[in-house]
2 protein chains.
Amino acid sequence: MCAAKRKPSDDPLAVPAAVIGRLSLYLRELSHFVRAGNLTTNSDELSTRLGLSAAQVRKDLAYFGQFGRPGIGYRCEELIGAIRSILGTDRRWPVLLAGVGNLGRALLGYRGFVPQGFEIVAAVDVISEKVGTEVEGVRVEHLDGLAEIVRREGIAVAILAVPAGSAQAVADRLVAAGVRGIVNFAPVTLSLPEETSLLGVDLAIQLEQVAFSVANRQLPR
Amino acid sequence: MCAAKRKPSDDPLAVPAAVIGRLSLYLRELSHFVRAGNLTTNSDELSTRLGLSAAQVRKDLAYFGQFGRPGIGYRCEELIGAIRSILGTDRRWPVLLAGVGNLGRALLGYRGFVPQGFEIVAAVDVISEKVGTEVEGVRVEHLDGLAEIVRREGIAVAILAVPAGSAQAVADRLVAAGVRGIVNFAPVTLSLPEETSLLGVDLAIQLEQVAFSVANRQLPR
DNA sequence: TAGATTGTTAATCGATTAACAATC
DNA sequence: TAGATTGTTAATCGATTAACAATC
């Protein structure tokens with residue numbers, strides 16, 4: 001009746017989340033290399049730049065195929081294409097923004113999304129003064145129109161930038177409207193169906209992590 | 001002549017970075033519990049809420065001491081105080097913002113920092129039209145005044161929200177001015193002295209991670 | 001007391017690293 | 001060819017989990 005829940009470890013094809021995180025970093029470095037005019041790179045250069053081991057870079061990439069040539073290394077453009085294809089960013093992702101506050105507005109104006117394949121094509125809010133306005137070329141619509149917007153724009157991924165108090169309710173509505181992945185900037189833990197991808201970005205927590213590290217860093221001896 | 005570099009594993013007191021990350025999540029949940037009127041909680045409740053195991057919660061906390069009572073659990077307020085003390089956020093951290101663009105402005109207006117002990121008390125930029133203005137009650141000063149600002153305000157931690165192209169140069173100046181930890185929002189890998197704490201938050205990468213997860217999620221069978 | 005839940009140890013699991021044959 | 005660097009296997013390391021005596 002109820003299918004057994006598969007843990008990640010049940011799936012022999014499962015790739016550790018940390019590997020996917022590093023894939024994004026490799027992609028970013030490779031773009032810099034290309035901009036610097038480099039045609040090829042290798043696991044040593046890539047790993048040194050990122051503070052990893054060369055073996056780790058090779059192993060990470062090996063989860064997905066053979067992208068390098070012994071004795072030569074990796075062709076930057078080729079590897080960029082491969083990683084984009086793995087991440088799924090070789091195509092364009094229309095993104096919905098929920099919550100046009102301070103942070104939401106900043107995200108609407110952020111230039112870094114489009115080159116990576118993401119474009120915020122719609123924004124929703126509940127404040128009537130905001131609804132109907134246009135911010136950074138994107139029309140702000142009412143939250144109530146969510147399902148129609150998601151269908152109209154073919155949206156799979158949303159950014160949640162609403163106040164903490166309404167984050168869970170809005171997240172539920174996003175899921176109900178068909179959104180399949182959410183980047184959540186509200187400082188709350190969301191409960192969502194397992195099949196919804198969720199990544200939390202808590203700005204205060206980022207500062208906390210650095211503060212701990214500063215406070216506990218041993219001084220060089 | 002050159003002191004041997006200590007790897008984290010050399011230090012028997014070293015706590016895994018992942019543990020510190022979860023500490024922030026425990027703190028956030030505990031605040032919610034308190035707001036909901038709960039006096040005590042336990043490793044089961046905390047872990048379920050966060051999708052972890054109860055053993056992990058207990059083990060994480062055990063790195064730092066004994067905060068619970070067998071048969072009872074943890075007193076929320078008490079544990080909050082303990083975690084704040086561990087993270088170093090039981091005191092106020094004055095924060096410097098470098099880069100008053102779209103994102104910088106949003107961060108200046110973000111209400112979530114102060115309750116966690118962080119206050120942006122100064123902002124710097126290089127654009128002369130911005131210098132001298134006041135944003136969200138914070139005066140924007142010129143980057144050239146960095147060292148004096150850091151000294152004057154007693155700043156240890158900075159947020160870097162400048163364009164990618166100038167991030168490394170500005171980061172170098174932050175370090176030279178005495179900043180000891182940086183949260184970097186520019187989509188570049190920074191090279192900084194080992195003793196500087198660094199955390200990168202790349203907004204496009206957050207979306208990439210969710211996109212991968214959405215694209216590769218197995219549909220429920 | 002009986003029930004609940006901790007802190008901690010030992011066992012398991014998974015991820016990273018080292019090493020090297022294959023090969024450009 | 002000699003040198004460089006990959007992909008991959010086996011060894012190591014570290015983190016998570018399970019289990020349970022201690023104890024509120």
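Every chain is numbered from 1 and lettered A, B, ... according to where its sequence line falls, protein lines coming before strand lines. Treat the numbers as computed from the prediction; the structure is a model and nothing was measured.
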Before accepting this row, confirm whether a basic side-chain N of the pair B:Arg69/B:Glu78 lies closer than 4.0 Å to the acidic partner's carboxylate O. yes
Donor-acceptor contact below 3.5 Å, side chain B:Gln206 vs main chain B:Asp202: yes
B:Asn38 side chain to B:Thr40 backbone, donor-acceptor under 3.5 Å: no
Checking C:dA15, C:dG7, D:dA18 against the side chain of A:Pro16 (C-beta onward), the nearest is C:dA15
Reckon B:Arg58 has a side-chain N or O less than 4.0 Å from the OP1 or OP2 of C:dG7? no
Between A:Arg180 and A:Val157, does the side-chain contact (heavy atoms from CB on, under 4.5 Å) criterion hold? Intermediate values first, please. CA-CA 6 Å; A:Arg180 300 179 57 212; A:Val157 166; over 6 Å; no
DNA chain C: 5'-proximal contact among A:Pro70 and A:Val19 (nearest heavy atom): A:Val19
Nearest-Å distance for atom pair CG/P, residues B:Asp60 and C:dT8: 14 Å
Which part of the nucleic acid, if any, lies within reach of B:Phe64 when heavy atoms closer than 4.0 Å are counted: base, sugar-phosphate only, or nothing? nothing
Counting just side-chain N and O atoms, does B:Gln56 come under 4.0 Å of either OP1 or OP2 of D:dT16? yes
In whole angstrom, what separates A:Arg75's CZ from D:dT5's C1'? 16 Å
Side-chain N or O of B:Tyr63 less than 4.0 angstrom from OP1 or OP2 on D:dT16? no
Would you say B:Gln66 places a side-chain N or O within less than 4.0 Å of OP1 or OP2 belonging to D:dT23? no
Counting only heavy atoms not in A:Arg92, do more than 12 sit closer than 6.0 Å to its CZ atom? yes
How many Å lie between NZ on A:Lys59 and C1' on D:dT5, as a whole number? 18 Å
Decide, yes or no, whether a salt bridge links B:Arg217 with A:Glu195 under the criterion of side-chain N to carboxylate O below 4.0 Å. no
What's A:Arg69 touching, base or sugar-phosphate or nothing? Going by heavy atoms closer than 4.0 Å. sugar-phosphate
Could you state the atom-to-atom distance from CG of A:Leu79 to C1' of D:dT6 in whole Å? 13 Å
Is the backbone of A:Gln209 close enough, under 3.5 Å, to the side chain of A:Ser213 for a donor and an acceptor to pair up by distance? no
Distance check, rounded to the nearest 0.5 Å: A:Ile80 atom CD1 versus A:Phe33 atom CZ? 10.0 Å
Base-paired stems in DNA chain C, each at least three Watson-Crick or G-U pairs under 3.5 Å: C:3-24 with D:3-24
Give me the ring orientation class for A:Phe212 and B:Phe64: parallel if the planes are under 30° apart, tilted from 30 to 60°, perpendicular past 60°. perpendicular
Interface residues of residues 22-53 of chain A with DNA chain C (non-hydrogen, below 4.0 angstrom): A:Arg22, A:Ser53
